[in-house]
Amino acid sequence: YVVFAVNRGEKAQTISMALPATIKSGHMEHIVGELGDKNTREHPETLTLQPCDDLTVEVGSKAQTATLSGYSWSVLTFDY
């Protein structure tokens with residue numbers, strides 16, 4: 001399963017989700033920046049997906065939680 005999540009606020013937010021099957025493993029990547037940040041021709045790598053450790057996978061459970069950094073776009077990937 002892949003979950004896309006956005007935190008449009010300045011402070012970190014915790015999200016909870018119930019997935020259709022029990023989870024064996026997972027990982028999370030995110031893009032974090034300031035509101036005015038953007039990729040340009042001169043700086044194409046300003047905003048790129050980076051691995052993060054804000055996901056604790058509850059192995060064997062359908063219920064999962066993750067913490068989203070402020071001003072972030074996150075991709076959570078779960079293996080079932």
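Because the structure is predicted, anything quoted here is derived from the model rather than measured. The figures that follow rest on heavy atoms only: side chains count, while hydrogens, waters and symmetry mates do not.
A donor-acceptor pair is defined here as one N or O able to donate and one able to accept, closer than 3.5 Å; such a pair exists between the side chain of Gln64 and the backbone of Glu58. Judged by distance alone, the side chain of Asn39 and the main-chain N or O of Leu47 form a donor-acceptor pair under 3.5 Å.
Residues Ser72 and Asn7 have side chains that never bring a donor and an acceptor to within less than 3.5 angstrom of each other. Between the side chains of Thr48 and Gln50, a donor-acceptor pair is found at a separation under 3.5 Å.
Pairing each heavy atom of Ser74 with each of His30, the nearest pair is OG-CB, 3.5 Å. In this structure, Gly70 and Val32 approach most closely via the heavy-atom pair O-CG1, 3.9 Å. When every heavy atom of Thr22 is checked against every heavy atom of Gly60, the shortest pair comes out as CG2-O, 3.5 Å. When all heavy atoms are compared, the tightest approach of Arg8 to Val6 is CG-CG1, 3.6 Å.
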Using the side chain to side chain contact (heavy atoms under 4.5 Å, CB included) rule, take Met28 and Val57 through it: C-alpha gap first, then chi angles, then the decisive distance, then the call. CA-CA 10 Å; Met28 181 167 142; Val57 176; over 6 Å; no
Dump the intermediate steps for side chain to side chain contact (heavy atoms under 4.5 Å, CB included) on Thr46 and Lys38, then the final yes or no. CA-CA 6 Å; Thr46 301; Lys38 58 186 171 185; over 6 Å; no
Would Val75 and Val2 satisfy side chain to side chain contact (heavy atoms under 4.5 Å, CB included), going step by step from the backbone distance to the final call? CA-CA 7 Å; Val75 180; Val2 178; 3.8 Å; yes
Might you work through the side chain to side chain contact (heavy atoms under 4.5 Å, CB included) test for Phe78 and Leu19, ending with a clear yes or no? CA-CA 9 Å; Phe78 297 98; Leu19 300 171; 3.7 Å; yes
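The CG atom of Leu68 sits 8.0 Å away from the CD atom of Gln13 when rounded to the nearest 0.5 Å.
Clustering ILVMFWY residues whenever any of their side-chain heavy atoms sit less than 4.5 angstrom apart, transitively, puts Val3 in the very cluster that holds Leu55. Residue Ile23 is not grouped with residue Phe4 when hydrophobic side chains (ILVMFWY) are merged at heavy-atom distances under 4.5 angstrom, including chains of intermediate members.
Side-chain atoms of Tyr1 and Leu76, non-hydrogen and from C-beta on, never get closer than 4.5 Å to each other. You'll find the side chain of Pro51 stays beyond 4.5 Å of the side chain of His27, heavy atoms only.
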